[in-house]
Protein chains: 2
Amino acid sequence: MTAPRKTPIWKEISRALRADIAEKIYTEGDKLPTEAELAARFGVNRHTVRHALKSLIEDGLLRSRRGAGVYVTAAPTDYPIGRRVRFHQNVLAGGQTPQKRILHIDHRPASDGEAQALKLPLRAPLVVYHGISLADDHPIALFSSHFPAELLPGMADALRETSGVTEALKRCGVSDYTRISTRISARIATATQANHLHTQEGAALIYTTGVNVDPDGTPVEFGQTWFAADRVTLTFDSPD
Amino acid sequence: MTAPRKTPIWKEISRALRADIAEKIYTEGDKLPTEAELAARFGVNRHTVRHALKSLIEDGLLRSRRGAGVYVTAAPTDYPIGRRVRFHQNVLAGGQTPQKRILHIDHRPASDGEAQALKLPLRAPLVVYHGISLADDHPIALFSSHFPAELLPGMADALRETSGVTEALKRCGVSDYTRISTRISARIATATQANHLHTQEGAALIYTTGVNVDPDGTPVEFGQTWFAADRVTLTFDSPD
DNA sequence: GGTTATTTGTGCGTATGTATG
DNA sequence: CCATACATACGCACAAATAAC
């Protein structure tokens with residue numbers, strides 16, 4: 001009698017390979033070891049490896065070519081975190097094409113936490129911008145940005161026209177902004193989040209919150225972002 | 001047809017419970033009333049209460065244990081990330097008592113990725129230190145630290161005696177070190193990880209990798225850390 | 001350009017644990 | 001208690017595409 005197993009072997013292998021890709025041990029264009037080699041490494045049958053590979057191919061991370069091998073299609077996007085966080089610049093620097101899709105632009109009073117983060121009075125009017133960030137047409141993050149409506153008249157329209165935070169802020173008179181605080185944690189994807197990010201319910205998300213201020217130190221944005229951990233690695237490079 | 005409510009009942013309940021937690025009516029580690037009791041208190045169906053609880057669990061304020069009850073999550077430990085990352089100092093600064101538990105200290109050749117991170121030749125000997133980091137006797141992270149064995153003679157013994165990285169490095173002649181790169185992502189807890197961290201399989205983990213160098217710029221440590229996301233928030237505070 | 005080894009794709013058979021009725 | 005169905009896992013064999021010589 002063998003001991004009962006909680007999670008299937010093929011899922012463990014799938015997870016291990018996914019982690020290797022996220023860590024760039026195998027990166028875009030690389031050829032994975034052959035199925036026979038992987039089977040030997042994990043001590044399982046080739047069919048079991050194939051089952052794991054199949055799930056990764058369906059998720060778009062790998063591509064197989066009969067007679068040649070299995071190749072990595074997607075490289076995780078490096079996303080630098082620091083004083084100046086700019087989605088467009090970050091993605092462009094990684095050689096990918098940035099894009100934002102507007103889900104919803106709302107106008108409502110601030111909750112306790114939102115007001116505190118933006119140093120506003122309770123129930124102050126906010127413009128709230130929900131959307132999806134994409135790199136090379138693949139969704140990499142969900143976000144919601146909160147702006148003080150009274151400080152930034154016309155912000156909602158500016159967002160609808162430009163869909164970019166930096167551009168919209170510039171139209172409202174904020175020529176530059178810097179991030180004063182960033183908090184990072186991790187979450188599990190809900191069904192709707194998974195749907196938007198083209199991943200599966202229960203997948204790992206990097207959850208960040210941050211506050212941006214104008215040159216005078218006045219908060220102009222409180223943002224939340226949920227990154228698909230499969231496709232994004234946050235990086236922090238200490239300056240020399 | 002009834003007039004549509006402006007806010008759904010479950011959101012009202014969610015907000016009420018959130019307020020109770022903010023007011024410390026229920027505080028860290030407390031068990032909430034049972035779902036049935038809450039349903040009676042708010043005069044709604046148990047499903048409605050569950051909907052409210054679900055949103056708070058997703059936000060990390062609560063944690064449910066089947067057969068036990070719903071508990072208020074411990075206030076997350078803030079863990080500053082920057083040039084100088086020191087576990088002991090970070091936890092002490094948060095008013096908690098740091099501690100490390102040694103799981104395993106190994107001696108083995110470096111893999112591809114490890115050798116690259118430490119700028120060592122392939123299969124160079126490593127000392128690998130697996131352990132658990134605790135704050136106030138609660139596990140907050142799993143880690144594995146990799147040290148170049150030839151550069152740091154006696155490192156394994158030093159780690160066994162001190163269990164602290166900073167202390168052990170000092171004994172091996174490295175009086176100071178700084179972190180040159182940090183990569184952050186998120187992972188799903190495996191069964192064994194969940195067991196060590198006293199959480200559930202499938203829970204969200206913050207996964208970080210980093211390289212520490214001595215004052216000359218020579219890599220002395222490559223570390224991986226898996227933080228329990230419901231107990232830890234990483235913070236970056238940009239200096240003014 | 002043809003031959004050969006390598007590698008993925010496919011089919012069939014066996015066995016086990018789990019869930020359902 | 002039994003029958004059935006399904007997912008998991010292993011073993012063997014062979015076809016088809018590719019790469020290397």
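Sequence lines set the chain letters: A, B, ... in the order given, protein chains first and strands last, and positions in each chain run from 1. Excluded from the calculations below are hydrogen atoms, water molecules and symmetry mates; all remaining heavy atoms, backbone and side chain alike, are included.
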Quick one: [X] [atom1] to [N] [atom2], roughly how many Å, whole number?
X: A:Leu62; N: C:dG9; atom1: CG; atom2: P; answer: 11 Å
X: A:Lys11; N: D:dA9; atom1: NZ; atom2: C1'; answer: 15 Å
X: A:Ile57; N: C:dT7; atom1: CD1; atom2: P; answer: 16 Å
X: A:Glu35; N: C:dT10; atom1: CD; atom2: P; answer: 11 Å
X: A:Arg50; N: D:dT8; atom1: CZ; atom2: C1'; answer: 16 Å
X: A:Arg63; N: C:dT7; atom1: CZ; atom2: P; answer: 18 Å
X: A:Glu37; N: C:dT6; atom1: CD; atom2: C1'; answer: 11 Å

Please determine which of [options] meets the side chain to side chain contact (heavy atoms under 4.5 Å, CB included) test together with [X].
X: A:Leu32; options: A:Val70, A:Leu56, A:Val49; value: A:Val70
X: B:Phe147; options: B:Asn212, B:Leu169, B:Val128; value: B:Leu169
X: B:Ser144; options: B:Trp226, B:Tyr129, B:Phe222; value: B:Trp226

Notebook entry, point to check: So B:Phe87 and B:Phe143, ring-ring contact (aromatic ring centres under 6.0 Å, His included) or not? Walk me through it.
Noted result: CA-CA 11 Å; B:Phe87 168 71; B:Phe143 64 89; 7.8 Å; no

Next item on the list: Please state whether the phosphate of C:dT6, meaning OP1 or OP2, lies under 4.0 angstrom from any side-chain nitrogen or oxygen of A:Thr34.
Entry: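 It does not, given that no N or O in the side chain of A:Thr34 lies less than 4.0 Å from OP1 or OP2 of C:dT6.
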
Next item on the list: Heavy atoms under 4.0 Å is the rule here; annotate nucleotides 10-19 of chain D 5' to 3' with B where the base is hit, S where only the sugar-phosphate is, and - elsewhere.
Entry: BBB---BBBS

Item checked: Pair A:Glu37 + A:Arg46: basic N to acidic O under 4.0 Å ->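 Salt bridge absent between A:Glu37 and A:Arg46.
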
Checklist line | A:Ser14-A:Ser55 side chain donor-acceptor pair, cut-off 3.5 Å | finding: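 Distance-only check passes for A:Ser14 and A:Ser55.
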
